[in-house]
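A note on names: the letters A, B, ... follow the listed sequences, proteins ahead of strands, and every chain is numbered from 1.
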Amino acid sequence: MPEITKPAPVKTPDLPKILMLGWEFPPVINGGLGVACHDLCIALSKYANVTMIIPKSNPDFVVKNLNLIGLNTIDAKTLRNIGFAGENYKKLNKVHYIDTHLNPYYNGKTAGNQPLDLKSQYLKSVQIGNETAEVFHIEDLYGGDVIEKVTVFGKLAAKLACSLDFDVIHAHDWMTMIAGMEIKAQTGKPLVMHIHSLEVDRGGPNSKGWVYQMEKHGMEYADVLMPVSHFTGKIIHDYYGIPMSKIHTCHNGIRPVVPFKGEKLFKEKMVLFVGRLTRQKGPEFFVDIAEKVLEYYQDVRFVMAGTGEYFNPLLERAAQKGIAHRFHLTGFLNLDKVRQLLSIADVYMMPSVSEPFGLSAVEAVQFGVPSVISKQSGVSEVLQGSLKFDYWDVQRAAQYVLALLNDEVLSDKIKEDAYKDLENISWDNASQTVIAGYKKFNLIQDKVTS
Amino acid sequence: MPSVCFYFQVHQPFRIKRYSFFDIGKDHFYEDDEKNQIILDKVSEKCYLKTNRKMLDLINRHKGKFKISYSISGTAIEQFEKYRPDVLESFKDLAKTGCVEFLSETYYHSLSFIFSKDEFRRQIEMHRAKIKEHFGQTPKIFRNTELIYNNELASVIEKMGFKGILCEGVDRLLNGRTPNYLYQPAGSLKIKTFLKNYSLSDDIAFRFSDRNWKEWPLQADTFASWVHQIAGNGEVLNLFMDYETFGEHQWEETGIFDFLDYLPKEIMSHSDFDFKTLSEAADSYKVRDIYDAPDFISWADAERDLSAWLSNTMEKEAAKRIYALEDRVIKSENKDLIEVWGKLQTSDHFYYMCTKFWSDGDVHKYFSPYDSPYDAYIYYMNVLADFESTIELFYKDKKEAKKLEKKKESVE
C-alpha cells in the first residue's frame, strides 16, 4: 500500500505556503468545481507554494482504453495517461493523494486496508473487451454515505497535514470543510474557505439539511470566506448569517480557448442553453422564453445542451406549448460538442435561479455569442457586455432575445463589449485576488513590504 | 474692469418608458409620464424653486448689480407648464428684474445641428417663440446643446442674427491662451464667442462637495480670490454650469446655497469686478483673438467632444434612424408626428446609450433612467419601430382618404 507522502523540502521559501483541500479534481468533474480548483491552483502556483490534498483511490483500477474514468482511478499516472493538463501538474509543488478507501470503496463499516475486497453501492462493473472493471460513477460523487466520506477525508487529511509545512489552509466547498476545520483545530493555522456553490443555490432557500448545517458551521469556523461572486457573498451573509467583514470575493477566471466558427446545418438562428437540467439552472424558464419569442419570430431554434432530472418534464412542457418543432434537447454533451454548438449559436441564454458564477456564459463570450443572463448570477458582475434579467422575468428575457435576433447593431455591440470584459476574466487575476485576500486579513506576511 | 458672466443650463428631457418589443404596434405613448413628473418634482423642490428664490434675493439685495443668464430648453419649459407652473412663475419673476437674460438653444435640446441644418433652424425658431411667450425677451445669444460647437456652427448662428455664442474653453484649442476674453470664431466676422472657464466652473459644479479635494470646504471668499486673480489678464470670466448644480448635484447639506449667498458680495468686494449678462458682455468687450474649432467640441465628459452621445454603434444607429425620418415627418404636416419626432431627438436619449463605462460612465449612469445602455437603446429602437409604422399608417390613411374623395367626385 502506498504510504502517505512525506513533505518535500520547500522550494521557494519566500512564497506563502498554501495547503489546498480539494474534492473534485480533473478528470473527475461534476459541474465546474474540479476545473475551477485545478485552474486556480495552477495560476496560484506563480504566487505561492501550493500543496493540494484530494481524495484518491487505488491506482490498480486504471483500465486502459476506458474513457469513463472514475474517482478511484485518479492518480498522477492516470492524469498523465489521459493527457489532462499534464504539464500543468508539474507546476503544482505537490499533489498528495491520500489512500483513504474513501471513494468508492469506503462504506464506513469495513474501513481497513483491504480496499480490493470491499463492496460498495457506488461500484459499477464495466465490461470492456475481455476485461471487467469496477468504477465509480461520477454522478454518484455526492450521493449516499457522503457524510462519512467527507468525515474520513477530513480525519486523514488532518493526519497528513501534521507533517506538512504551510501558512494557510484553503478549502473548497462543504466536502472539504471538515478537513479544513480538523486541520485548523490541530495546527492553529488560519482557514480560508473558497465557496463555489452552496446548498442554498442547489436546493433553494429552504435548504436546512445536513449539508446546509455543515456549510454554516464551517463558514462560521473559517477565518476568511472567498466566494466566487458578490452574489454568493450576499447569500453567505443573508442565508448563513456570516458577517460581511469576513467575506472577500474572488471572481473565477477562465481558460483561454481558440474559438472557431462551425457550420450550421439549418437556416434558422439558434438560441443556446448549456447546463444541468435542474432547478438551479432555471431550465423551465428557457421553455417559456422560447414560447414567447416564437410568437414573434419563427426562424429560430432553441437548443438545450445538458441533462438532469428536468429532462422529461421539459420535453413535455415544450410539446404542450406546441413549440417542439423548434425546441431541441440534446442530452449530455461533452466539451467538444458544447463548443461546436457555441460556434454556431446566435444567442446564449442563462436563466439560472441561483448561479454562484456561471462560467458557461464566459465560454459563450469566448465564442463571440452575445448572452442573455439572469441577474441572479455571479458572472453578471463581471460581464458588462450582456443583457441581464431577473430569472422569473420571462417577458424581459424574451424581449432581449428578440432584440438580439432582430438587431445586428446591438448584437455586435454586446459581443464587442463582452470581449473587453474578457480581458479581466483570468485565473491569474483570480489568484492575485486570493493572495490579496490573504494579505488583507493578515494570513500571510507581505514579503514585499516587510 | 473684468466681468463675471454666470450662465445656467436648465433642462429636463421627456424620458421614454421601458417600451418593450411587445408594445410595438399597440402602444403609441412613449413617454414615462410618471417618472418625468417625479423627477421634475424632485428637482423643482431641491433646486429650481430654492435657487430661483436665492437668485431673486441676491438681485434685490445687490440692487441690480448681480446679473445672470439662463438657457432653458423647450422640453423643460413644457414640463414646467404641464407639471410645475409655480417654477415657471418663479423664472418669470426673475425675468422681470431686468437682470436676467434668457439664451437661445434648440427647442428639444437636440443634436440636430450635426444631422440637419433645417431641423436645427426650425427648433431655434420654436424655442425663440417659447422664450418670447413666457419671458418677453428675444434671445440674442445662442448656446448649443451641451456646448456642442465648431466653426461652422458659429457661422450658421451668426447668419441667423445672433451676436454671441457659447462654447467650452478647450485647452488644446486655446493652446496656452486664457479663456477669459471674448474670441472671434474662425470663419466668422461679427459674432463673439464666450469660452467657458472650465476650471473655475467645475470647482463649483463638480468639486464643491468633494471631501478629497484639497480646497474642501470651499468658501465664497476663497473662490472670489481666485476670480480676482484674472485682473489684468482677462475681461470676461464665464462660469457656465447646469442649474441643477444647486441643490441637486450639490445637495443643500454641502452648503452650496450659503456659498452662493456670499459669492456676489465677495466677488464685488474687488471694485474692478462686476456681473454682466452675456448680451451686456458682448456689447462691452471686443474680441481679442481667434478661436479656431474645426472639429466638434462640447462640455461633456473628459473628452469634451461628441463621444457622450455619438461614440458607439448603437448611438450612431439610433441617431441615423431618427434623422432619416425628417422628410416623411415634416412633409406630413401633422402636428403630432412632428412633435413626437422632435421629442425623440433630445440628446439625453443618446446619452443614456453611452458605453464609455470607465471614468465618465458613472455620470451617464447617474442620469440614466434605465438599467443599462443596452436597455436605453432597445427601448428607443422599439419606440422608433412603432413611430415608423405610425408614420406609414398616416400616409396610407391619407392616400386612402384621397382615393375615397376621388371616388366620390367621380360618382357625383
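One side chain, B:D171 or B:Y198, offers a donor N or O that lies under 3.5 Å from an acceptor on the other. Side chains of B:Q123 and B:E105: a donor-acceptor N/O pair is absent below 3.5 angstrom, by distance only. Defined by atom type and a distance below 3.5 Å, a donor-acceptor pair is present between the side-chain atoms of B:N382 and A:Q399.
Only the side chain of A:L402 comes within contact range of chain B, with at least one heavy atom under 4.5 Å from a heavy atom of that chain. Heavy atoms closer than 4.5 Å to chain B are found in the backbone of A:S386, but not in its side chain. When heavy atoms are compared at a cutoff of 4.5 Å, A:D412 does not approach chain B at all. With a threshold of 4.5 angstrom between heavy atoms, A:Q395 approaches chain B through its backbone and through its side chain.
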Pair B:K331-B:E326, salt bridge (charged side-chain N to carboxylate O under 4.0 Å, His left out): steps then yes or no = CA-CA 8 Å; B:K331 280 191 181 141; B:E326 176 172 7; over 6 Å; no
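A pairwise comparison of heavy atoms in A:Q298 and A:R326 identifies O-NE, 2.8 Å as the closest pair.
Between B:Y323 and B:W341, the angle of the ring planes goes over 60°, which puts this pair in the perpendicular group of the 30/60° scheme.
Within residues 18-26 of chain B, the residues that have a heavy atom under 4.5 Å from a heavy atom of chain A are B:R18, B:Y19, B:S20, B:F21, B:F22, B:K26, listed by number.
In terms of modelled atom types and a separation under 3.5 Å, the side chain of B:K117 and the main chain of B:F113 share a donor-acceptor contact.
With sequence neighbours excluded, no residue satisfies ring-ring contact (aromatic ring centres under 6.0 Å, His included) with A:F357.
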